[in-house]
Number of protein chains: 2
Amino acid sequence: MKSPETVKQTEERLAQMLAKIKGRDFRLTPQRWAILNILAASEDHPSVDEIFKEVRNRFPTTSIATVYKTIALLKELNEVLELGFPDGSNRYDGHRTYPHPHAICTNCGKIMDPEISSVDELSEEMRKKTGYTFSFHRLDFFGLCPECQRKS
Amino acid sequence: MKSPETVKQTEERLAQMLAKIKGRDFRLTPQRWAILNILAASEDHPSVDEIFKEVRNRFPTTSIATVYKTIALLKELNEVLELGFPDGSNRYDGHRTYPHPHAICTNCGKIMDPEISSVDELSEEMRKKTGYTFSFHRLDFFGLCPECQRKS
DNA sequence: GTAATTGCAAATGGTTTGCAGCATC
DNA sequence: GATGCTGCAAACCATTTGCAATTAC
């Protein structure tokens, strides 16, 4: 059961995505609309495969290539944050599209992203010591979620 | 030209790797020794391909599979830190094998890892807010290195 | 001599691409 | 009606794997 706030958030995210889509020559196909919806509504951080399976529930002929292409488009438009992992288990955040820290369960894959005091000081320290100018970052903490702690 | 301290560091790292290797039934082949050497000596963060090419300078018959297998072994022994990237451009740190922040140039790929005040407080904050227990983390800042800033 | 390692080639698997047909605008 | 999108299948490509021959111990 979703709270009214959650529903509202989902609608706002969807509206913003649609605005970006319509801002150019992009077309809104049913498959594409479904993918936007899934990303705007998902509380967790779905994988390509999870998105694919969910789209297929509604449009059984959808191909995985379409999912990849739509995600690529959303990445370009900055409307989704890709959490790529070297093993290929990539995950997508349709809510917060800017860099932010993640807590990742190495057992079940659950990802949480609480509001946290920023990493700006660390970034500034790195800048001073390296001379780099940074445009984004990635901060992931890996371990066991509460549920998986209980099981082990 | 390497400083005496650097040479000493390299020797220490190599000694430690060798100790770990000999601690079990592992054998020290010339190819393996070469790879250990490269990782212990490298100032930057070499890719598999860079390691492969360097090993081939000394042992032209070496196969890429051997490089992968040796790296896998060193990972198991905790004697190398793998910096995996989703695009497959993985890099290896033979010096500091524990998690630490990196500054990564998105233009030329140069990686720096200065000593920095720890991320322990952030980790603790995440723990409190998520209930996760963390065993490692990954912190990368992406941007332009000083040299690439000048060029652009 | 025994067991680990090498090197080759084939397999793997997530992602990308080319393109003909189709659907949106 | 023009152009962008879909879906299929083939291509990609770093990494892994199986296995016979080799080599460290």
Side-chain angles (χ1 to χ4, degrees), chain A residues 17-39 45-77 79-80 82-92 109, chain B residues 17-39 45-77 79-80 82-92 109:
Chain A
M17 287 177 177
L18 290 173
K20 282 272 186 77
I21 290 281
K22 296 196 171 165
R24 291 204 229 164
D25 267 348
F26 302 124
R27 292 176 186 176
L28 189 56
T29 63
Q31 299 92 327
R32 195 170 270 184
W33 190 84
I35 295 168
L36 298 198
N37 240 302
I38 290 163
L39 281 168
H45 303 67
S47 65
V48 165
D49 220 57
E50 285 162 353
I51 297 169
F52 179 51
K53 287 197 176 103
E54 210 165 324
V55 183
R56 280 210 113 145
N57 287 340
R58 311 190 211 172
F59 302 95
T61 65
T62 308
S63 89
I64 189 91
T66 297
V67 178
Y68 276 110
K69 284 167 186 166
T70 301
I71 289 174
L73 174 62
L74 289 172
K75 277 198 284 180
E76 243 183 84
L77 299 173
E79 288 299 318
V80 74
E82 182 177 58
L83 289 182
F85 298 97
D87 67 352
S89 63
N90 296 4
R91 307 277 289 268
Y92 296 87
Chain B
M17 288 177 176
L18 291 173
K20 282 271 187 79
I21 289 282
K22 297 196 172 167
R24 291 205 230 162
D25 265 349
F26 302 124
R27 290 174 187 179
L28 189 57
T29 63
Q31 297 94 326
R32 193 170 270 182
W33 190 84
I35 295 168
L36 298 198
N37 241 301
I38 290 163
L39 281 168
H45 302 69
S47 65
V48 165
D49 220 59
E50 285 163 352
I51 297 168
F52 178 52
K53 287 197 176 101
E54 210 166 323
V55 182
R56 280 211 111 143
N57 286 341
R58 310 190 213 171
F59 300 95
T61 66
T62 308
S63 90
I64 189 90
T66 296
V67 178
Y68 278 110
K69 284 166 186 167
T70 301
I71 289 175
L73 173 62
L74 289 173
K75 277 199 283 180
E76 243 183 84
L77 299 174
E79 287 300 318
V80 74
E82 182 178 57
L83 289 182
F85 298 96
D87 68 351
S89 63
N90 296 5
R91 308 276 289 268
Y92 296 86

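These figures come from a predicted structure and were not determined experimentally. Every chain is numbered from 1 and lettered A, B, ... according to where its sequence line falls, protein lines coming before strand lines.
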Interatomic distance where [atom1] belongs to [X] and [atom2] belongs to [N] [whole Å]:
X	N	atom1	atom2	result
Lys69(A)	dT17(C)	NZ	P	10 Å
Leu73(A)	dT17(C)	CG	C1'	17 Å
Leu18(B)	dA24(D)	CG	C1'	15 Å
Arg91(A)	dT15(C)	CZ	C1'	18 Å
Tyr68(A)	dT16(C)	OH	C1'	9 Å
Ile21(B)	dA4(C)	CD1	P	14 Å
Ile64(A)	dT17(C)	CD1	P	15 Å
Lys22(B)	dA4(C)	NZ	C1'	16 Å

For this session: I would like to know whether Thr29(B) and Thr66(B) meet side-chain contact (heavy atoms from CB on, under 4.5 Å); could you show each step before the answer?
Result: CA-CA 11 Å; Thr29(B) 63; Thr66(B) 296; 5.9 Å; no
Just so I know, are the side chains of [X] and [Y] near enough to count as touching, which here means a heavy-atom distance under 4.5 Å?
X	Y	answer
Leu73(A)	Lys69(A)	no
Asn90(B)	Val48(B)	no
Ile51(B)	Thr70(B)	no
Phe26(A)	Leu77(A)	yes

Seminar exercise, completed: Expected list for residues 47-57 of chain A near DNA chain C, using heavy atoms below 4.0 Å, is none
Problem set entry | Those residues of residues 24-33 of chain A lying under 4.0 Å from DNA chain C by at least one heavy atom | Arg27(A), Leu28(A), Pro30(A)
For this session: Take Tyr92(B) and Glu50(B), measure what side-chain contact (heavy atoms from CB on, under 4.5 Å) needs, and give me the verdict at the end.
Result: CA-CA 10 Å; Tyr92(B) 296 86; Glu50(B) 285 163 352; over 6 Å; no
Problem set entry | Residue met sooner reading DNA chain D from 5', once Ala65(B) and Asp87(B) are mapped to nucleotides | Asp87(B)
For this session: Check whether the side chains of Ser89(B) and Asp87(B) place a donor and an acceptor atom closer than 3.5 Å, and report yes or no.
Result: yes
For this session: Check every strand shown and say whether Thr61(A) touches a base, only sugar-phosphate, or nothing at a heavy-atom separation below 4.0 Å.
Result: sugar-phosphate
Exercise. Counting distance only, does the side-chain N/O of Arg91(B) pair as donor-acceptor with the main-chain N or O of Gly109(B) below 3.5 Å?
Worked result: yes
Exercise. Step by step, would you call Val55(B) with Ile38(B) a side-chain contact (heavy atoms from CB on, under 4.5 Å)?
Worked result: CA-CA 8 Å; Val55(B) 182; Ile38(B) 290 163; 3.5 Å; yes
Exercise. According to a strict under-4.0 Å criterion, is Asn90(A) in side-chain N/O contact with OP1 or OP2 of dT15(C)?
Worked result: yes
Exercise. What nucleotide, of dG7(D), dT16(C), dC8(C), holds the atom closest to the side chain of Ser63(B)?
Worked result: dC8(C)
